[in-house]
Amino acid sequence: ADLARVAKRVAVTAFGVAGQSCISVQRVYVQRRWYDDFVDTLVSHAQGYKVGHPLDEDAHIGSMIDEANAVRIEGWVREAAARGANVACGGLRDGSRFAPTVVTACPRDADLSAREAFAPVVVVEPYDEFDEALAAVNNSRYGLQAGFFVREWELIRRAWEKVQAGAVVVGDVPSFRVDHMPYGGTK
């Protein structure tokens with residue numbers, strides 16, 4: 001896949017609307033050989049977003065729904081970091097605003113990875129084998145949508161058959177929906 005395009009799409013859908021969408025990107029699995037380059041590119045995008053007042057035309061990301069939720073996600077990021085996660089960028093709160101945050105090496109059972117963050121935070125993890133990534137996707141109590149940037153028909157078929165989600169999007173992030181069309185998850 002075109003890593004620059006993928007990183008841009010992930011950034012837009014992980015950080016847009018302050019991550020407060022049920023189909024925003026929260027967990028990303030990248031093949032190990034491209035992992036470092038992908039994380040660097042995603043961090044660059046995240047650091048390019050300006051957090052500010054929603055009426056500020058230069059701001060890309062506004063406030064979360066309330067300060068309590070910004071405090072909650074700040075606690076989740078701190079908890080993950082205390083357990084060994086790396087906060088590659090972000091993790092900072094200003095009132096109800098939370099900076100775009102990229103986290104790596106996050107324990108899979110940490111709230112930040114295991115629960116719905118509903119915030120401008122994305123956890124990025126490497127994988128070696130495609131089936132390992134599919135198992136990681138399924139290792140969640142949520143299964144609304146999943147997106148895969150793959151071209152090989154065999155991998156697409158395997159994702160379609162194994163992923164426990166209401167939709168499998170190929171070639172884009174899982175943030176696609178048509179509002180007048182019903183959609184739903186499996187968990």
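Every heavy atom of this structure was used, including side-chain atoms; hydrogens, water molecules and symmetry mates were not. In this chain, residues are counted from 1 in sequence order.
In this structure, V77 and V87 have side chains that are in contact, with non-hydrogen atoms separated by less than 4.5 Å. Using a 4.5 Å heavy-atom cutoff, the side chains of F98 and V51 are not in contact. In this structure the side chain of C106 reaches within 4.5 angstrom of the side chain of E125, judged on heavy atoms. Side-chain contact check for F149 versus D2: every heavy-atom pair is 4.5 Å or farther apart. Counting heavy atoms from C-beta outward, L134 and F148 have side chains that approach closer than 4.5 Å. You'll find the side chain of Q31 reaches within 4.5 Å of the side chain of Y127, heavy atoms only. Using a 4.5 Å cut-off on side-chain heavy atoms (C-beta onward), V10 and F15 make no contact.
No salt bridge links R141 with E116; every basic N to acidic carboxylate O contact stays at or beyond 4.0 Å.
Of all non-hydrogen atoms in M64 and I73, the two that sit nearest each other are SD-CG2, 4.1 Å. Of all heavy-atom pairs spanning V169 and P174, the tightest one is CG2-CA, 4.2 Å. The two residues G95 and E67 have their closest heavy-atom pair at O-CG, 3.5 Å. Contact record, P126 with E132: O-OE2, 4.3 Å, taken as the closest heavy-atom pair. Residues S63 and A18 come closest through the heavy atom pair O-CB, 4.0 Å. Across V163 and A146, no two heavy atoms sit closer than the pair CG1-CB, 3.9 Å.
Remark: the D66 side chain and the S96 side chain contain no N/O donor-acceptor pair separated by less than 3.5 Å.
A donor-acceptor pair under 3.5 Å is absent between the side-chain atoms of D94 and the main chain of R97, judged by distance alone. In terms of modelled atom types and a separation under 3.5 Å, the side chain of Y35 and the main chain of V124 share a donor-acceptor contact. A distance-only check finds a donor-acceptor pair linking the side chain of N138 to the backbone of Q164 [under 3.5 Å]. With hydrogens and angles ignored, the 3.5 Å screen pairs a side-chain donor or acceptor of R27 with a backbone N or O of A136. Checked by atom type and distance alone, the side chain of Q26 pairs as donor or acceptor with a backbone atom of A117 at under 3.5 Å. The closest donor-acceptor contact from the side chain of S24 to the backbone of S21 lies under 3.5 Å.
By the rule that hydrophobic residues join a cluster once side-chain heavy atoms approach within less than 4.5 Å of another member, V137 and V25 end up as members of separate clusters. A continuous path of ILVMFWY side-chain contacts below 4.5 Å connects F38 to V43, so both sit in one hydrophobic cluster. The hydrophobic cluster containing I61 also contains V173, counting ILVMFWY residues as joined when their side-chain heavy atoms lie under 4.5 angstrom apart, directly or transitively. Note on V102: it does not cluster hydrophobically with F118, by side-chain heavy-atom contacts below 4.5 Å among ILVMFWY residues. If you chain together hydrophobic residues whose side chains sit under 4.5 Å apart, L144 and L112 never meet in one group.
Rounding to the nearest 0.5 angstrom, the gap separating the CG atom in D37 from the CG atom in D40 is 6.5 Å. If you take OG1 on T101 and CG on L92, they are separated by 7.0 Å, rounding to the nearest 0.5 Å. The structure places CG of D128 at 14.0 Å from OH of Y29, a figure rounded to the nearest 0.5 Å. To the nearest 0.5 Å, atom CD1 of residue I23 and atom OG1 of residue T13 are 9.5 Å apart. Atom NZ of K162 and atom CZ of F130 lie 9.5 Å apart (nearest 0.5 Å). A distance of 12.5 Å separates CG in D109 from CZ in R115, rounded to the nearest 0.5 Å.
When the shell of 6.0 Å around CZ of R83 is examined, it contains more than 12 heavy atoms from other residues, nucleotides or ligands. In the displayed structure, E154 atom CD is contacted under 6.0 Å by more than 12 heavy atoms of other residues, nucleotides or ligands. Within 6.0 Å of the CZ atom in R151, the count of heavy atoms belonging to other residues, nucleotides or ligands does not exceed 12.
Residues forming a side-chain contact (heavy atoms from CB on, under 4.5 Å) with W160 (at least two apart in sequence, or on another chain): V168. In this view, H60 and Y49 satisfy the ring-ring contact (aromatic ring centres under 6.0 Å, His included) rule, not counting sequence neighbours.
Remark: R72 is positioned above the aromatic ring of W76, its terminal NZ or CZ atom under 6.0 angstrom from the ring centre and at most 45 degrees off the axis.
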Walk me through whether Q20 and N69 qualify under side chain to side chain contact (heavy atoms under 4.5 Å, CB included).
CA-CA 10 Å; Q20 298 174 115; N69 274 287; 5.5 Å; no

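Between T104 and the choices L42, V123, V122, V39, the side-chain contact (heavy atoms from CB on, under 4.5 Å) rule is met once, by V39.
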